[in-house]
Amino acid sequence: MSLDNLISNWSKLRVRRPQVDQYKDSPYKWAMVIDLDSCTGCNACTTACYAENNLPVVGKKRFLEGQAMHWLRIERYWGEGEESTQEFPEQGAAFLPMMCQQCESAPCEIVCPVGATHHTPDGLNSQVYNRCIGSRYCSANCPYKVRYFNWYNYPESAWPSPLELQLSPDVTVRSKGVMEKCTFCVQRLTEAKSKARTEKRNVQDGEVVTACAQACPTSAIHFGNIADSSSTVAKMWKAQQVELSADKQKKDMKHEKMPAASEVASGVGASVEAEKLRGYRVFEELRTYPSVVYLERIRSGEV
Amino acid sequence: MSTVVEELDSIGERRFEPKAKDINEDIAWAKINTDVLRSLERPRPIFWVIFLSAVALFGVGVACEIYQYKTGLGVAELRNPHVWGLYISTFIFWIGMSHSGTLLSAILHIMHADWRKPIYRFAEAMTTFSLMTAGLFVLVHLGRVWQFYYVVAYPNERWTWPNFSSPLVWDATAIGSYLTTSVIFLYFGMIPDLAICRDSATGFRRTFYRLLSVGWQGTDRQWSNFRITYLTIACLLIPLAVSVHSIVATDFAVSQQPGWHTTSFPPYFVAGALYSGCAAIITLFIILRHTFRFEEYMTIPILEKLCKLTFAISMVWTYLNLIEYASTWYGTDVYAKQALIYRATGIYRYWWWAMNFLGSVVPFALAFKALRTHVPTMMVVSLLLNLGMWIERFMIVTPTFAHGYYPWTWSDVWWPNWIQIGIVAGSFGWFTLLFMLFCKIFPSVSMYEVKEMVYHRIRARK
Amino acid sequence: MNKKTYLMALFNDFDAAARAIASLREATIAGFAMKDVTLKSPIDHPECAAELGSRPVYIQIFSLIGAVLGSTLGFLGISSAQANFLRQPRGGFPIVPLPPNMVITYELFILTAVFFTITACLVVWKIHSDKNSLYSVSISVDKIGILVKAEPSAIDAIKQIFNRQHALEIMENARV
Amino acid sequence: MKTFSRIVLCLAATLAGVSAAPVVSADAFVQGGPIGSQTSDGYNALGPVVTQPIEFPHNRHAGTRANGGMEIDCLYCHTYARRSAVSGIPRLSKCIGCHNMIESVKEKPRIKTLLAYWDRREAIPWKKVHDLPDFVRFNHERHIQRFIFDQGRPSREACGYCHGDVASMTTARRVKAISMGWCVSCHEKEHRIDAVSFKTGHGPNDCWQCHH
Amino acid sequence: MIRFGMTANSVASGVNRRDFLNLVGLGGTASVLAGCGNTSIESGVELVQSYVQPETFVVPGVGVYYASTCTQCGSACGIMGKVREGRILKLEGNPQSAISGGKICGLGQAGIQGHYSPDRLKTPMLKENGVLKATTWEKAMSLLSGTVSFTAQGPRRVVLTGPTSGHLQILLKAMPQSGAATDHVVYDSLSTAVAASVNLKMFGVEQTVGLIDKAGLVLSFGNDFLGAGDSPVAAARQYARFRKAERRGILIQIEPKMTLTGANADRWVVIAPGTEGVLALGLVRELLQRKEFANNLSPNLIAAVEPYNQTEVSHITGVRGDLIPRIAATLWEHSPSLVLAGRYPQGHAHGSHNMAAIALLNVVLQNQGKTLWREAELPFPQMAPALGNFKSLRQLNTQMAAGDVGSMLIYGTNPVYSTPDFMRFADNLQKVPFKAAWVTELDETAMHCDLVLPLMSPLEDFGTHVAAAQSDGMEISIQQPLMEKLHPEARSFGDSLLELLKQAKPESYKSFPDYYAYLKSAVVNAKPAFDPKVEDEEFWENTLSAGVLRRPAALLPLPAIEFSADLVRQPLRESRDAAYPFVLIPAVRPSMRDGKAANLSWLQESPDPLTTVVWDSWAEIHPSTAKQLQVNEGDVLVIKSAQGSIRAKAYLIPGIHPGSVAVPIGQGHESYGRYATNVGVNPFKILDPIFDEETGELALYATRVAIMKTDQNERFTKDEGATNLQQGRKLVATLAADQVDLAKETPFVIR
């Protein structure tokens, strides 16, 4: 709170983010990999999220009015285009667990008038309930629409006694008029970091996971620290050639340069084809630089 | 004086062909005072009827707001993804309306268009009151309005500041500045008239006007300082007004959503603001002309000029609108294009076509002399234009929420509910209420400037 | 000074008033100075006021001062506030972003300039105001008044000049 | 107001062309000074008196020998503070552990109340004195680890930063402002990372450290 | 993670050292509800968490994990409960459990809500003048004692329960043995008794174990193993390994209405309801034509499957003709394969035949010993689960109607809700002079009882469970309290049973003061089978701490079967009934099962995976059917069978056979707490009296209905927005399996 802050901030923090080595010196950058081929759409993760994060049950009427409070929602799509072409969904349904993508360059962060949502040193997109005044600009500007607003005072109605005994004391219960969203279970991260600091070390891979990743019966959700290159998630990002600070993946550029169909048929382009990787981030072209990598669903065409 | 006037008049008749005069230049100055001050007299019963209706309408809005405040914004059927609803649309509408006063007083003042003089006062009042109404919507739409002071940059015990990168903070400064400046401008331009009121009033009203007229005696020093100050503020007000609505436009243009993220939004918003302001002036012009029998001041030729101005601005608006469609249509942003197609074909399609019809086709009525000199027609047309401009704001805000980036949250069912409509209606009651009070307390025609106008016109004929 | 007497003549039109002021200036009357003549009119009439001689207006200097102060202090204030906002690393964007500063500075620049302008104007009026000066309500209708402050010895000469220009009414008031 | 004065100072310094003169870092190694003087804004509000089930004499247990105290370390009783976010209240059996042995005071009314609770195996309903709003998460463990274990400060001083000199009170009362700015003012300061090195670091400035 | 068992003296001894499980200092919970509104710092308003003499590991503000077992379905997943300040906060999977492997499903997560439910029954209730009124346990026990008789004469005294296992099952078995009751009837509305009977007939065991992760291809006839299956968490874990195997496993799902498993299939094939057996035989016929079979074919078999040629099968099942040889070829190429059969083929009059045909396919594919096994031997067969069926309830119902039943003790089942109207079960229940139910919440059956007793929630109680299907060794799951009783009057069902048994056979049970003591002594007695070296107390502690008693045991091979012609009997094609042109599919929702979980608000608000509907019932129809009927989404339909009708909104879904309408099971409770009551409709009620010809089980999917459109249209309460397509955005991208090299993608960590 002083002049040296002013000076140092001008020089140090006037940087464009994300940049390539942004988390080179920092101990943590939390990120996820969600394998859509493993995801069965069973909703275990969403219920785990309700249990972990004190999410209110809004009831039928409010759900109907679009006021549901699920931080993590499972979307089910029947197709990719604008019209459904098949009579029967022969390759099943496509499920997508969608939660806050913890963007590196989050559209919500710049527009919040009071700075209630900001970027943490761990690369998370925070939401500070007590600072929020409820202008909902962040939600308006979120391309993923994963921010949920407390349209009512849920503490009054959502937990009739003794249901309120289930509420986690580590997570603030949100009253009316504030925005909330997936936090990557920040209460777990804080606890793990605190424990690690007491033991004078960094949080190790697998030591802390989000509630959804913990519950997922097929282990489709992987959570970890990509600042630590030895972590599973960092390895998965690397294997999928997804880079945090790139808005277009190298493999996709390769893919664009893919040979014509005739060449593929003659075997010329086969090597390029074989390199097809599954990792992508939703709406990468919007340059939000999300921290969640999805792995494409696989379907066998043999039958 | 009268001899000179008569002489000049005879010359004028010879030199200027039958073109209608903006105002009867031979009007006695004393008559100007009496005519205008008559509007401050004890109101007729019909005044109270309308006034109380306005209070009642405002009361409806207040009741809705109290309910919403106590229960949460959910009662307004706001939801994901429709998080803003009518509140922000109507906020932009009122902000836009506020640009009329600036246009008529400041811009036309600088351009020496003296026909503005009989009508700018109420336009300025409209500016002030519509800004006050717009400000209410900012508060109404906040989830935790009791914490609104978090937006204000002030040293506090939390050691926190607002986020200056947010267009909402720019909004707060811009609207705050504009409101302050508008009030100052309205008041300052009124000082000589307040002195007139002081001179003809008695009792506590005299004291009231005496305090407000800050010792105005019409001395040459007062006049010369007044002239310069007024001009300076007018000059400062114009860029401010332009910045205010372009900053409101940045609320959308700075965001990333399809249909909002448009470079042409700031000028488009400013044009829309001037447009809706002019339309509102025509409406109030006709109402005041009729109510206070200001036919001699708010004359048909002035109305005609206003209509021409409105028509010109409507064409600017139309152009900017088409530019936006064209750049989206031929651009590569598929999301924005889908959003545009959705506006034209989705559930809000009737509104979208209505907006284009009312905003771009109806103003052609202003291009015909027969129509624009016909007062009832103009009343209808101006109301239609206002409606069109309100729909424009609705169509900016709502379809993007309904059809944004994320298909899963596309919604095809959202319409505002009675709480939102009640609060919007209440805002009209609040505006009417303030405007009626203004008309009864302050002269809604600038007396000294009408005198200047006729004086200079007579001199010009010489 | 306190022995000076106030005298105000009302005229029907600006031409007469202008002629009266011209006569006053041409006449050399002891105990009377042109700076003590004030024109009171229902509308702004710069041509007539010009007869009184040069009376410069300094308002715009204050506007300028306001504008400069508003923009510099505003810019610095906002920057320091931003820089001190808990030093939170803000994802993707610098903590002291220039464009928003420009926008807000722009608003503050205008607002401060307006404040300075109007304050200056009101102060100027206050400086020149004279509580006991003569005033007639007809000035606010359509009459033009010329207020003169002079030694009692000069009063008669001035009255004569006024009467020569067909003054409608001459009011007199001795300073207490 | 101090905040404001700093901004003004900041501006004045900039206008005068003075280079970055650190305002805070001058007291980099001073971590609060004497107990009771650490508030950032001159606010030393004494909170309300809280009526506890037993008027516990902190001064008798933890006060200095000179004042008739026994100089028991804070962490002896408030033992949870070193390993949990909450410092907690010592369990009843801990009180009894000593007081079963001390015959001399067994007949005193407060001790009788205490023993009555023990006989009923009933937890004593102590009231919270330093009760933060529910959206604030203060972690005792981190602060104890840092100031007592890493820096080797006496617990009476370290605890006293926030709780005041409880050892001079009977039942504890709130002494410090405990406002957000007050917390931040300390987090902004450079603190030595341990007792021996001269490396410094400051507390986290991330909102989510305390609010989630 | 800190994991602890309950100390021995914590329950038995007088000193309550586990008072940390008590809710002390409720101030903490009052404050959680205050939310982020109040910004002021307060003194002296809340209480501090304070203990008398807690365990040393208890630290305020730090969660302690206890192992237990989930009882939300029969799969007996090991769970961990996070306990803090005497409150259980969250359930997680127990990594020591081979069934859950540290994972947990949504249904399991929501178990905590049943515990904290605001509608828990708090006191015993006795019906007086048709109204349930609070009473005392003394009175209740004296009434219950009346049902214990020492003679075998007189009307029947029945204990009716849902599926049970473990030591509770031993006590229940002892009830008729000791004379405390005459019958123990186990009822399960969603039983797999048809499959069990077919398995018994063909393989000699009721339960076979299919190893999904060992298969290269899984062909599933309507087996929703990922959703509402026998053990969804274990199956999902296997499925993940199956997908991530070196050669990625292929899943083909054949069913009339898409299940969650079907939604994950590589190829989902729609089939006319009830014709699964025909398709299976068609596939058998295709396979038999391969040259590998040329030498060792049974001529019986060839002759038996001869009629099921491609055209005929395609005609009957509606499956495209060219698909049949392709499926057969893929089955062979991706050997070892695994053919699974689920609820859909069982739920018909010829359900047994369907199941036999599908089992035959497994045999032809030679999957026994590769992917299909018998369970390992359970060291304590008396603890084996008693799987319910429908047939015995039907018999009981007849006895009740005849007035042969004198008393009925009901636990863990809700037949008034789940029996079809044609049985008139509720009316017949009224003919039973005395009926008592143990429940946590007043459900429909409890409302019809004379005595209703408050049950401890599963998170407050002790118990042991043995899963019906275990593919990895053999384990007994231990259930222990995670929290002190929330309602002091609630009691364990085991305690009540023990009390009754003590009256019937005092000498056998007098040494056990309560069910806990019985359980502990029984578990400790089992020590030699697990860890004979440790002390009894330590063994008990270790058992509680681990939450499971595990014995690594190899799966056993299935016997070779002799082919007989009656295995391939398939009915003639059903004649279409013009009055009831559609087949009703009462679909089982993974989160609701038979309706037991409908009172949990998390599950009510958890969108159905395929329709994303919440808090409601709906009728799924195919868009082509909808077009034909001129029905739009949200139109209220009347679905009418010969037995009655229900109303539900139409939901258009491509994943259903056009001749069917699916209505989910689980909703439509008349009494079951605030979250379940009056939500949706109950399709059980309109089922036709059609039963499996061999076993007498209710045919769940054989009811024929007519659909009538009404004028009403209501919006759906669903998560899905205006579109269910991706509109060209890359949200969920799909790659063909041959384009991906999964080996490059390691590491995957699958537990």
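Residue numbers start from 1 in every chain, and the chains themselves are labelled A, B, ... in the order their sequence lines are given, proteins ahead of strands. Computed from a predicted model, the values in this text were never measured in an experiment.
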> Which bit of B:Asp171 is near chain A, if near means a heavy-atom gap under 4.5 Å: side chain, backbone, both or neither?
Replying inline: neither
> Shortest non-hydrogen contact from A:Cys112 to B:Ser166?
Replying inline: O-CB, 3.4 Å
>> Is the positively charged end of A:Lys176 above the ring of B:Tyr69, judged by distance under 6.0 angstrom from the centroid and angle within 45° of the axis?
In response: yes
>> So for B:Phe164, is it side chain, backbone, both, or neither that comes closer than 4.5 Å to the heavy atoms of chain A?
In response: neither
> Are the side chain of A:Asn141 and the backbone of B:Gln256 linked by a donor-acceptor contact shorter than 3.5 Å?
Replying inline: yes
> Should we say atom NE2 of B:His82 is surrounded by more than 12 heavy atoms from elsewhere, each under 6.0 Å from it?
Replying inline: yes
>> Using a 3.5 Å distance criterion without hydrogens, assess whether the side chain of B:Asn80 forms a donor-acceptor pair with backbone atoms of A:Ser139.
In response: no
>> How long is the straight-line distance from CH2 of B:Trp408 back to CD1 of A:Ile74, given to the nearest 0.5 Å?
In response: 10.0 Å
> Just how far is it from atom NZ of A:Lys145 to atom OH of B:Tyr406, taken to the nearest 0.5 Å?
Replying inline: 12.0 Å
> Under a 4.5 Å heavy-atom cut-off, does chain A meet the side chain of B:Val152, its backbone, both or neither?
Replying inline: neither
>> Tell me whether the count of non-hydrogen atoms from other residues, nucleotides or ligands lying under 6.0 Å of CH2 in B:Trp415 goes above 12.
In response: yes
> Of the listed residues (B:Gly404, B:Pro167, B:Pro258), which shares the most heavy-atom pairs with chain A below a 4.5 Å separation?
Replying inline: B:Pro167
>> Given heavy-atom pairs under 4.5 angstrom as the criterion, report whether the side chain, backbone, both or neither of A:Met179 touches chain B.
In response: neither
>> Using heavy-atom distances under 4.5 Å, tell me whether B:Gln338 contacts chain A through its side chain, its backbone, both, or neither.
In response: side chain
> So which part of A:Arg76 gets closer than 4.5 Å to some heavy atom of chain B, the side chain, the backbone, both or neither?
Replying inline: both
> Which atoms form the tightest heavy-atom contact between A:Ser135 and B:Leu168, and what is the distance?
Replying inline: OG-CD1, 3.5 Å
> Do A:Arg136 and B:Leu73 have side-chain heavy atoms sitting under 4.5 Å apart?
Replying inline: yes
> Which pair of non-hydrogen atoms, one from A:Gln67 and one from B:Leu78, has the smallest distance, and what is that distance?
Replying inline: NE2-O, 2.8 Å
> Using 30° and 60° as the class limits, which term best fits the ring planes of B:Tyr405 and A:Phe283: parallel, tilted or perpendicular?
Replying inline: tilted
> Between A:Asn153, A:Leu286, A:Val282, which shows the greatest number of heavy-atom pairs under 4.5 Å with chain B?
Replying inline: A:Leu286
> Given the options A:Glu285, A:Arg73, A:Arg62, which has more heavy-atom pairs under 4.5 Å with chain B than any of the others?
Replying inline: A:Arg73
>> Minimum heavy-atom separation for A:Ala140 and B:Trp84, please, with both atom names.
In response: CB-CZ2, 3.9 Å
> Is it the side chain or the backbone of B:Thr409 that comes within 4.5 Å of chain A heavy atoms, both, or neither?
Replying inline: side chain
> Which bit of A:Leu96 comes within less than 4.5 Å of chain B, counting heavy atoms only: side chain, backbone, both or neither?
Replying inline: side chain
>> Can you tell me which of A:Tyr77, A:Tyr148, A:Phe149 forms the most heavy-atom pairs within a distance under 4.5 Å of chain B?
In response: A:Tyr77
>> Does any backbone or side-chain atom of B:Trp414 lie under 4.5 Å from a heavy atom of chain A? Answer side chain, backbone, both or neither.
In response: neither
> Pick from B:Val138, B:Val145, B:Asp251: which one has the most heavy-atom pairs with chain A under 4.5 Å?
Replying inline: B:Asp251
> When rounded to the nearest 0.5 angstrom, what distance separates CG in B:Asn163 from CD in A:Glu109?
Replying inline: 9.0 Å
> Top residue by heavy-atom pair count (under 4.5 Å) with chain B, among A:Gly66, A:Pro113, A:Pro107?
Replying inline: A:Pro113
> Just wondering, more than 12 heavy atoms not from B:Tyr325 lying within 6.0 Å of its OH?
Replying inline: yes
> Picking from B:Phe252, B:Trp260, B:Tyr335, B:Tyr87, which has the most non-hydrogen pairs under 4.5 angstrom with chain A?
Replying inline: B:Tyr335
> Out of curiosity, B:Arg79 CZ to A:Phe63 CZ, how far, rounded to the nearest 0.5 Å?
Replying inline: 12.0 Å
> Passes side chain to side chain contact (heavy atoms under 4.5 Å, CB included), A:Trp151 versus B:Val83? Steps please.
Replying inline: CA-CA 10 Å; A:Trp151 300 107; B:Val83 292; 3.9 Å; yes
>> Can you give me the closest heavy-atom contact between A:Tyr152 and B:Val75, atom names plus distance?
In response: OH-N, 3.4 Å
